[in-house]
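Protein chains get the first letters and strands the later ones, always in sequence-line order, with residue 1 at the start of each.
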Amino acid sequence: MVFLPDEARSLPPPPLFNKGSAWLGLAGWGAALLDNGFNRRPVLRAGVHRQILFATVGWFVGYYLIKRTEYAHAKRDRELFEYVKQHPEDFKTKEKKRIGELLEDFCPIR
Amino acid sequence: MAAPLRRGKGLRLAVGALGFVLTRSAFVARKPNYDRPNWFGVGLAFSTTAALWVLLFKQHNEDVTEYERRQKERHHKCTGCS
């Protein structure tokens with residue numbers, strides 16, 4: 001099972017600052033802080049090199065996961081639109097009623 | 001946790017006459033020493049961080065160039081210029 005097939009490269013790549021990277025980077029940083037907490041070290045001030053490393057690893061992994069996610073969504077959308085195109089009889093749009101036809105006739109009661 | 005320790009002590013007691021232990025271990029437990037920075041660990045962490053960022057930037061630039069190349073190729077085919 002390939003991580004990303006070649007056709008995925010036809011999709012626009014995610015920006016370097018993307019949701020997945022930001023979230024996993026934050027999670028990595030949190031993991032470093034948690035490690036500090038468990039080892040009875042000052043939470044924010046200790047092991048800054050570790051915090052930066054964990055955040056970077058999270059950012060890195062997030063980028064690749066987002067690429068894979070975008071490919072999966074694009075593939076699903078392509079299959080969906082292909083199906084809709086091949087079965088137009090199932091997806092007829094209802095004729096839009098004009099507002100004049102919708103309202104009742106005006107019968108003034110004097 | 002207590003059982004293996006006790007077994008070790010039992011082994012030492014069993015060979016009380018000899019001056020050595022029957023099994024050796026490469027792993028020794030040490031209490032972390034926070035008085036001096038672990039410069040090796042710090043260097044390793046920072047160099048790994050730098051390497052990861054370099055790889056990420058390279059990968060992103062490659063992806064962007066590859067995407068733009070494919071877009072250009074696709075439009076080239078459509079307009080069908082000479």
Side-chain angles (χ1 to χ4, degrees), chain A residues 2-29 31-33 35-71 74 78, chain B residues 1-9 21 23-82:
Chain A
V2 133
F3 184 73
L4 264 184
D6 187 63
E7 61 176 353
R9 306 184 75 188
S10 308
L11 288 172
L16 268 173
F17 189 92
N18 61 74
K19 279 187 294 200
S21 285
W23 188 250
L24 282 183
L26 196 69
W29 185 51
L33 296 185
D35 183 51
N36 280 349
F38 287 149
N39 289 310
R40 316 263 306 148
R41 295 190 292 252
V43 178
L44 281 171
R45 290 171 291 151
V48 176
H49 63 291
R50 199 178 297 113
Q51 295 176 29
I52 298 176
L53 177 65
F54 283 23
T56 302
V57 168
W59 201 279
F60 192 82
V61 171
Y63 180 75
Y64 285 94
L65 286 185
I66 286 293
K67 267 211 289 189
R68 189 164 153 81
T69 307
E70 299 234 314
Y71 171 69
R78 180 181 63 188
Chain B
M1 191 69 140
L5 277 172
R6 241 182 325 138
R7 190 131 22 102
K9 243 168 71 175
V21 188
T23 54
R24 286 178 302 160
S25 173
F27 302 105
V28 179
R30 266 187 286 259
K31 203 155 79 153
N33 177 23
Y34 291 129
D35 293 328
R36 289 175 302 117
N38 172 20
W39 290 116
F40 179 69
V42 170
L44 209 59
F46 277 135
S47 52
T48 315
T49 304
L52 281 176
W53 279 115
V54 162
L55 277 176
L56 187 64
F57 269 87
K58 266 179 50 179
Q59 177 71 55
H60 181 69
N61 288 335
E62 267 173 29
D63 291 340
V64 168
T65 26
E66 178 64 22
Y67 170 68
E68 286 172 358
R69 184 189 72 84
R70 290 189 184 202
Q71 287 299 91
K72 212 181 294 193
E73 222 176 64
R74 200 193 302 173
H75 285 273
H76 211 70
K77 240 189 271 181
C78 281
T79 54
C81 76
S82 63

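With A:Gln51 contributing its side chain and A:Ala46 its backbone, the two residues share a donor-acceptor pair below 3.5 Å.
Listed here is the closest heavy atom pair of A:Glu7 and B:Arg70: CA-NH1, 4.1 Å. The minimum heavy-atom distance between A:Trp29 and A:Leu44, with the atom names listed, is CZ2-CD2, 3.8 Å.
More than 12 heavy atoms of other residues, nucleotides or ligands sit less than 6.0 Å from atom CZ of A:Phe3.
Using a 4.5 Å cut-off between non-hydrogen atoms, the part of residues 57-69 of chain A that approaches chain B consists of A:Val57, A:Trp59, A:Phe60, A:Tyr63, A:Tyr64, A:Lys67. Taking 4.5 Å as the heavy-atom cut-off, the residues of residues 16-28 of chain A that approach chain B are A:Leu16, ordered by number.
Side-chain contact check for B:Thr49 versus A:His49: every heavy-atom pair is 4.5 Å or farther apart.
Looking at B:Glu73 and B:Arg69, a side-chain N of the basic residue comes within less than 4.0 Å of a carboxylate O on the acidic one, giving a salt bridge. A salt bridge does not link B:Glu62 to B:Lys58: none of the charged side-chain nitrogens sits closer than 4.0 Å to a carboxylate oxygen.
A:Tyr71 meets the ring pair (Phe, Tyr, Trp, His ring centres under 6.0 Å) test with no other residue; sequence neighbours excluded.
For residues 26-41 of chain B, the pairs satisfying side-chain hydrogen bond (donor to acceptor under 3.5 Å, both in side chains) are A:Arg41-B:Tyr34, with sequence neighbours left out.
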